[in-house]
Amino acid sequence: QDQISPGTMIAASIIMGRALAPVEMAVGQWKNFISVRNAYNRINDLVDGHPEDPEVMDLPAPTGDVSLQNVYVTAPEQSTPILSNISISFKPGTITGIIGPSGCGKSSLARALVGVWPTARGVVRYDGADIRNWSSEKLGPHIGYMPQDVELFYGTVAQNICRFQDVEAEEVVAAATQAGVHELILQLPQGYDTNIGAGGQALSGGQRQRIGIARALYNEAEVLFFDEATSSLDGITEKMIMEAVHEFSGKKTIVMIAHRLKTVEKCDQIFFIDEGKVADQGTFDELIERNEKFRNMANHA
């Protein structure tokens with residue numbers, strides 16, 4: 001009706017576009033919002049469906065007597081056994097080697113031993129008590145576990161070594177020294193107070209592995225499980241760590257899981273795992289003499 005000018009029309013169009021921009025943005029992001037809401041609901045369902053840990057009576061600190069009785073292990077949400085009818089024991093003051101070809105179930109055995117994977121059948125016992133009757137918070141500090149895939153967490157080097165408990169400086173430095181990583185840590189920007197980022201992304205693979213070993217050794221745990229603990233280390237560092245481990249011989253229960261025979265060569269006893277079962281056991285020399293598969297692994301090492 002000739003009541004506004006063209007300039008006013010342009011200004012009104014610009015204002016309307018800016019007013020509607022948040023609405024258009026919300027519509028464009030609606031699919032993401034739906035995905036987030038569904039993910040949130042799935043997490044809630046997962047948490048609600050996970051049974052709470054039952055309250056159990058505190059037991060005395062374990063001495064290191066660990067055994068598996070007729071244990072069957074399956075991966076989470078799977079029914080096919082990875083390990084079948086495993087019955088072995090580990091005594092305090094001994095070093096035991098677990099070895100076998102790739103895919104035979106060595107790492108699955110380690111997860112069952114520390115309670116990461118519950119057994120499908122059979123029992124894992126610490127000092128005669130079913131691991132399910134131990135409080136994880138009470139048993140955990142007495143176990144040193146070095147998994148094949150090292151997982152570090154957002155925080156400082158010291159916090160990762162002491163497992164995010166109260167930092168005991170002397171214990172942290174002692175563990176790092178035994179793992180051969182003390183000098184390396186001192187070279188970091190803030191030393192032990194250096195934040196390593198999510199997953200330890202500020203460190204190399206070898207550095208992460210050595211800090212993982214220090215975490216396992218922290219606080220002089222009675223039982224130590226090493227799953228391919230030296231796979232990413234150079235020969236000199238590997239030798240130093242193996243010497244540190246053998247210094248504990250006679251004091252702790254140590255289980256070395258490996259695919260390289262030289263890692264288990266000096267173990268008190270060796271269990272040879274093949275196709276999910278204990279195929280043989282004995283000392284290194286005994287297995288070399290009588291077990292052809294073990295001998296072939298040694299020849300190709």
Begin with the C-alpha distance, continue with both residues' side-chain angles, and end with the deciding distance and a verdict on side chain to side chain contact (heavy atoms under 4.5 Å, CB included) for Thr119 and Leu68. CA-CA 10 Å; Thr119 59; Leu68 298 93; 6.0 Å; no
Could you list who else is in [X]'s hydrophobic cluster, with ILVMFWY side chains joined at under 4.5 Å, directly or through other members?
X	answer
Phe153	Phe164
Tyr154	none
Phe33	Trp30, Ile34
Ile14	Ile10

Filter on salt bridge (charged side-chain N to carboxylate O under 4.0 Å, His left out), then keep only pairs touching residues 103-114, sequence neighbours left out; what's left? none
According to the salt bridge (charged side-chain N to carboxylate O under 4.0 Å, His left out) rule, which pairs have a member within residues 7-32, sequence neighbours left out? none
Are Arg37 and Asn41 close enough, and set up right, to give a side chain to side chain contact (heavy atoms under 4.5 Å, CB included), and what steps lead you there? CA-CA 6 Å; Arg37 186 178 65 181; Asn41 290 334; 4.1 Å; yes
Please confirm whether the backbone N or O of [Y] pairs with a side-chain atom of [X], one donor and one acceptor, at under 3.5 Å?
X	Y	result
Arg163	Arg215	yes
Gln165	Cys162	no
Thr194	Gln190	yes
Lys252	Ala221	yes

Taking the side chain as everything from C-beta on, heavy atoms only, tell me whether [X] gets closer than 4.5 Å to [Y].
X	Y	value
Ile185	Ile161	yes
Trp117	Pro76	yes
Pro101	Asp274	yes
Phe226	Ile254	yes
Ile95	Met256	yes
Leu83	Val71	no
Tyr72	Asn85	yes
Leu109	Val73	no

Residue list, side-chain hydrogen bond (donor to acceptor under 3.5 Å, both in side chains) with [X], at least two apart or on another chain:
X	value
Glu77	none
Thr96	Gln269
Glu222	His142
Tyr192	His182

Any side-chain donor paired with an acceptor under 3.5 Å for Thr63 and Asp127? yes
[atom1] of [X] to [atom2] of [Y]: how many Å apart, nearest 0.5 Å?
X	Y	atom1	atom2	answer
Gln209	Leu203	CD	CG	12.5 Å
Arg210	Met146	CZ	CE	11.0 Å
Ile99	Ile273	CD1	CD1	10.5 Å
Ser67	Lys91	OG	NZ	7.0 Å
Ile88	Ile98	CD1	CD1	4.5 Å
Arg125	Ser89	CZ	OG	13.0 Å

If you look at every heavy atom in [X] and [Y], which pair is closest and at what distance?
X	Y	value
Ile257	Ala110	CD1-CB, 3.4 Å
Gly197	Asn195	N-OD1, 2.9 Å
Tyr218	Asp166	OH-O, 3.9 Å
Ala175	Ala214	CB-O, 3.3 Å
Ser79	Thr74	O-CG2, 3.7 Å

Hphob cluster co-occupancy, [X] + [Y], side-chain heavy atoms under 4.5 angstrom:
X	Y	answer
Leu139	Leu59	yes
Ile213	Leu184	yes
Ile288	Val264	yes
Val66	Val123	no

Output, in order, the C-alpha distance, side-chain angles, deciding distance and verdict of side chain to side chain contact (heavy atoms under 4.5 Å, CB included) for Trp134 and Val124. CA-CA 11 Å; Trp134 285 87; Val124 177; over 6 Å; no
Please assess Asp280 against Arg290 for the test salt bridge (Lys or Arg N to Asp or Glu O under 4.0 Å), listing each intermediate value before the final yes or no. CA-CA 9 Å; Asp280 206 345; Arg290 69 167 180 255; 2.9 Å; yes
Crowded around Glu286 CD? As in, over 12 foreign heavy atoms under 6.0 Å? yes
Sole candidate of Thr253, Ile131, Asp65, Asn133 that passes side chain to side chain contact (heavy atoms under 4.5 Å, CB included) when paired with Tyr126: Ile131
Looking at residues at least two apart in the chain, or sitting in another chain, which of them share a side-chain contact (heavy atoms from CB on, under 4.5 Å) with Ala12? none
Hits for salt bridge (charged side-chain N to carboxylate O under 4.0 Å, His left out) against Asp130, two or more places apart or cross-chain, chain-then-number order -> Arg132
